[in-house]
Amino acid sequence: MISCCPQLLLSNQDKTIKPKMDFLRDVGFSTPDLIFLLSQNPTILASSLDNQIVPAYGFLKGILGTDEAIISTVKRASWLLSKDLHNLMGSKIGLLQDHGVPNSRISALIKRQPRCFLQVHLDRFTEALTKVKAMGFEPSSSFFDVALGTITSISESKWEEKFELYGSFGWSEDDILSAFKKQPHIMALSKDKLRKMMDFFSKELGLGLSVVSHYPNLLLLSLEKTIIPRLSVIRVLKSHGILNKDVNLYTICSLKEKLFFEKYVIKYQEKVPQVLQAYQGKTVIGG
């Protein structure tokens, strides 16, 4: 903290630091919260309580509504309390409201991706908003803020690179846009992850890539932690004649962890002990 903000050494603890700590505790920050917050952004303690911290907190309160929501958001973006939020965020929030985006979606965007309000120029923000609406996202939909946050988080050149990458997998422009509308986060995935996932789906599973574009949430999953263990369990059960019909990949991968474990592992563990080994990754996928 001192290396990042050496002026704290000259601060009067009772007059300068203690009031800020008291304020943050009063609004609900726990001791672990404060330790994390100040380790991330010690300049908060060098900021004016009355002219900076309190106004910033009040601005967030007017949008996010509760102390709990503010604390959760600030822990993910500690610099929110050391910025002039009215000037940095006000015009963008007003722009969203003018375009019919309800406060609930604005609040969700700030919670999820506050950086797009502080680090993206208004012109770029406006372009992204226009693009999202042109793609057919409804301002009131739950994916509107996700799409906007995704587009503002990557440059235009990166966007084009991702388009080209998906195109190299055989996807048409309509496929890409359709998949993006279903799951905007696919455009924020790294090239390495995308290549690894698509290679697995096509070479290991012989899965038509149009299927993946139809179920883009598959791309967000972990091969090692979710897809391979679950497919291994299903294949073990099929090899023992317990499952006689094909199981949809998306269906089994979209199940909650507890539900999948109960439905396919615990249920058959006594009869087919290998299912637990498969689930734990101790059995190869085709085993």
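FYI, the numbering just counts along the sequence from 1. Atom set for the values below is all heavy atoms of this structure, side chains included, hydrogens, waters and symmetry mates excluded.
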- Message: So, taking the atom named CD1 in Ile151 and the one named CG in Leu148, what distance separates them when rounded to the nearest 0.5 Å?
- Response: 7.0 Å
- Message: Can you list everything that forms a side chain to side chain contact (heavy atoms under 4.5 Å, CB included) with Leu177? Sequence neighbours excluded, please.
- Response: Met135, Phe163, Glu173
- State, without any angle test, whether Asp192 and Ser190 hold a side-chain donor-acceptor pair at a distance under 3.5 Å. no
- Query: Which residue pairs pass the salt bridge (charged side-chain N to carboxylate O under 4.0 Å, His left out) test when at least one of the two sits in residues 36-58, sequence neighbours left out?
  - Reply: none
- Message: In terms of relative ring orientation, are Phe260 and Tyr279 parallel, tilted or perpendicular, with 30° and 60° separating the classes?
- Response: parallel
- Item | Value rounded to 0.5 Å, distance of OG1 in Thr73 from CZ in Arg112 | 11.0 Å
- Message: Check whether Lys162 reaches the backbone of Leu189 with its side chain - one donor and one acceptor, N or O, closer than 3.5 Å.
- Response: yes
- Message: Within the structure provided, determine whether Phe117 and Leu88 are in side-chain contact (heavy-atom separation under 4.5 Å).
- Response: no
- Item | Non-hydrogen side-chain atoms of Tyr57 and Val74 separated by less than 4.5 Å | no
- Do Asn41 and Ser82 get their side chains close enough for a donor-acceptor pair, meaning under 3.5 Å? yes
- Task: For residues Phe144 and Lys133, determine if any side-chain heavy atom of one lies less than 4.5 Å from a side-chain heavy atom of the other.
- Result: yes
- Any side-chain heavy atom of Lys20 within less than 4.5 Å of one from Ile44? no
- Please confirm whether the backbone N or O of Ala69 pairs with a side-chain atom of Thr66, one donor and one acceptor, at under 3.5 Å? yes
- Message: Show every ring-ring contact (aromatic ring centres under 6.0 Å, His included) that has at least one partner inside residues 208-248, sequence neighbours left out.
- Response: Tyr215-Tyr250
- Any ion pair linking Glu257 and Lys225 (charged N to carboxylate O, less than 4.0 Å)? no
- Can we say Asp199 and Arg195 salt-bridge, meaning some charged N sits less than 4.0 Å from an Asp/Glu carboxylate O? no
- Do Leu24 and Leu81 have side chains that get closer than 4.5 Å, going by heavy atoms? yes
- Item | Side-chain donor-acceptor contact under 3.5 Å, Ser178 with Asp175 | no
- Item | Backbone N/O of Thr150 and side chain of Ser153: donor-acceptor pair under 3.5 Å | yes
- Item | Exercise: do Gln97 and Asn103 side chains pair donor with acceptor under 3.5 Å | yes
- Message: Suppose the criterion is salt bridge (charged side-chain N to carboxylate O under 4.0 Å, His left out): which pairs have a residue in residues 147-159, not counting sequence neighbours?
- Response: Arg124-Glu156, Lys131-Glu156, Lys158-Glu161
- Would you say the side-chain atoms of Glu138 pair up with the backbone N or O of Ser140, donor to acceptor, closer than 3.5 Å? no
- Item | Under the ring-ring contact (aromatic ring centres under 6.0 Å, His included) test, residues paired with Tyr268 that sit two or more places apart | none
- Working to the nearest 0.5 Å, report the span between CD of Gln183 and OG of Ser213. 13.5 Å
- Query: Hey, does Leu205 have a side-chain heavy atom less than 4.5 Å from the side chain of Leu249?
  - Reply: yes
- Message: Holding to salt bridge (charged side-chain N to carboxylate O under 4.0 Å, His left out), I want the full list of residues that pass it with Lys263, two or more places apart in sequence or in another chain.
- Response: none
- Task: Report yes if the side chains of Pro114 and Leu80 come closer than 4.5 Å at any heavy-atom pair, otherwise no.
- Result: yes
- To the nearest 0.5 Å, how far apart are OH in Tyr166 and CD1 in Ile176? 8.5 Å
- Message: Counting C-beta onward and ignoring hydrogens, is there a side-chain heavy-atom pair between Met89 and Ile110 closer than 4.5 Å?
- Response: yes
